[in-house]
There are 2 protein chains.
Amino acid sequence: MDNPLPAAARALRAAGHRLTRARLAVLQVLEAEHAGLSPQELYERGRAIYAPLGLVTVYRTLALLDELGLVRRVHSDQERHAYACAGADRHHLLCSGCHRLVEFPCQGLDELVASVQARTGYRITEHLLELTGLCPACQATGGPADPTPHHPAPRGA
Amino acid sequence: MDNPLPAAARALRAAGHRLTRARLAVLQVLEAEHAGLSPQELYERGRAIYAPLGLVTVYRTLALLDELGLVRRVHSDQERHAYACAGADRHHLLCSGCHRLVEFPCQGLDELVASVQARTGYRITEHLLELTGLCPACQATGGPADPTPHHPAPRGA
DNA sequence: GCATAACTGAAAACGGTTGTCAACAAGGGG
DNA sequence: CCCCTTGTTGACAACCGTTTTCAGTTATGC
């Protein structure tokens, strides 16, 4: 199979870090998937690429990638953090059905931020915007298009 | 001292739950503070009001209040969850200096959401927006205006 | 006051994340 | 090509926040 050597891998090297098999495995999984992945999931899938991969290394790799801005942390509601490749925008749209994750440009947000800034006197430096909904595919199937959700815990009256 | 019996306390009763001393303590701390508090902090401060309060009860109370919509979960960046009293709006503006938390109306957000909806085909059901910056007071002092970001108050105060 | 069921607190269980440390391997130099 | 240096790794355990368990307690209705 071909290893296209992800752009992130080159960025890693450029930043003076070694390009190890473990890191490459994590990067490949991350690039292949278009959804937020938990460290655990990353670990499991990564081992399919590089068997001796350890969970601890996944955590460290994720921390490194996050530091370099190559990956982004996503808050999946109450769930644990998930990570996804970082694109131009930092805003995520999460499908509650299939957990697919897309990024979108925040066109109107700047104005909103400016407005809040003017009204409150705060000097705003960061913003986190995450939208949740159903993607077209999941709407079509009348619910989760993916029959394998990670948390079917209807713990509520 | 006077116990104004927070509105949330009445809501609790109205929902058919008992108004216990432990819950009252948590509510009082929550109402007194205008910042997001972690369960641990809530526990420490709550014990100043009601000594036998247990951490477990804080968690349970928080879960109950969240379920009733009386409290809201805040993601403090990489930190653990924090909780704050829920107001009309679900959007928070967090000061990185003093950790003060204010809510603000999301006037322009609906349009932004509608725009994203139209562009992506997703049916958006939820949104999370958190802004971070420096409040006027912290800007004035050139940094954190409060030298004690969030330290536990074992006694007094 | 009494009964009852909701509620509580202590401790333990649990699961995710981080620290430790000897072994390993990526990358540069000889 | 091999060696060396040192960043990196992986197994294990420590750590910490959260949840479960369970017997004792307390709020509320009678």
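Excluded from the calculations below are hydrogen atoms, water molecules and symmetry mates; all remaining heavy atoms, backbone and side chain alike, are included. Order of the sequence lines sets the chain letters (A, B, ...), proteins ahead of strands, with each chain counted from 1. This one's a predicted model, so the numbers in the text were calculated from it and none came from an experiment.
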Please name the pair of heavy atoms, one in [X] and one in [Y], separated by the smallest distance, quoted to 0.1 Å.
{"X": "Tyr122(A)", "Y": "Cys135(B)", "value": "CZ-CB, 3.4 Å"}
{"X": "Cys138(A)", "Y": "Cys98(A)", "value": "SG-N, 3.6 Å"}
{"X": "Leu101(B)", "Y": "Gly36(B)", "value": "CD2-N, 3.8 Å"}
{"X": "Leu27(B)", "Y": "Ala8(B)", "value": "CD2-CB, 3.6 Å"}
{"X": "Leu93(B)", "Y": "Thr132(B)", "value": "CD1-N, 4.4 Å"}
{"X": "Arg13(A)", "Y": "His17(A)", "value": "NE-O, 3.3 Å"}

* Side-chain-base donor-acceptor pair under 3.5 Å for Arg60(A) and dG10(D) -> yes
* Atom pair CD/NE2 of Glu103(A) and His92(A) - distance to nearest 0.5 Å -> 4.0 Å
Find the distance [X]:[atom1] to [N]:[atom2] and express it as a whole number of Å.
{"X": "Gln40(A)", "N": "dC14(C)", "atom1": "CD", "atom2": "P", "result": "17 Å"}
{"X": "Leu62(A)", "N": "dT17(C)", "atom1": "CG", "atom2": "C1'", "result": "12 Å"}
{"X": "Leu24(A)", "N": "dA26(C)", "atom1": "CG", "atom2": "P", "result": "11 Å"}
{"X": "Glu41(A)", "N": "dG15(C)", "atom1": "CD", "atom2": "P", "result": "16 Å"}
{"X": "Leu55(B)", "N": "dT18(D)", "atom1": "CG", "atom2": "P", "result": "8 Å"}
{"X": "Tyr59(B)", "N": "dG15(C)", "atom1": "OH", "atom2": "C1'", "result": "13 Å"}
{"X": "Leu53(B)", "N": "dT25(D)", "atom1": "CG", "atom2": "C1'", "result": "15 Å"}
{"X": "Leu64(B)", "N": "dA27(D)", "atom1": "CG", "atom2": "C1'", "result": "15 Å"}

* To do: Identify, residue by residue, the members of residues 15-23 of chain B with a heavy atom below 4.0 Å from DNA chain C, and return them in order of residue number, or none.
  => His17(B), Arg18(B), Thr20(B), Ala22(B), Arg23(B)
Could you go through residues 48-64 of chain A and list every donor-acceptor pair under 3.5 Å that involves a side-chain atom there, pairing it with any protein atom two or more places apart or in another chain?
{"unit_1": "Thr61(A)", "atom_1": "OG1", "unit_2": "Thr57(A)", "atom_2": "O", "d": "2.7"}

* Please round to 10 degrees the angle between the axis of the first five pairs and the axis of the last five pairs in the helix from dG1(C)-dC30(D) to dG30(C)-dC1(D). => 30°
* Heavy atoms under 4.0 Å, any strand shown: does Tyr43(A) hit a base, just sugar-phosphate, or nothing? -> nothing
* Asked: Just checking Arg13(B): base, sugar-phosphate only, or nothing, at a heavy-atom cut-off of under 4.0 Å?
  -> sugar-phosphate
* Inspect the surroundings of CZ in Arg72(B) and state if more than 12 heavy atoms from other residues, nucleotides or ligands are less than 6.0 Å away. => yes
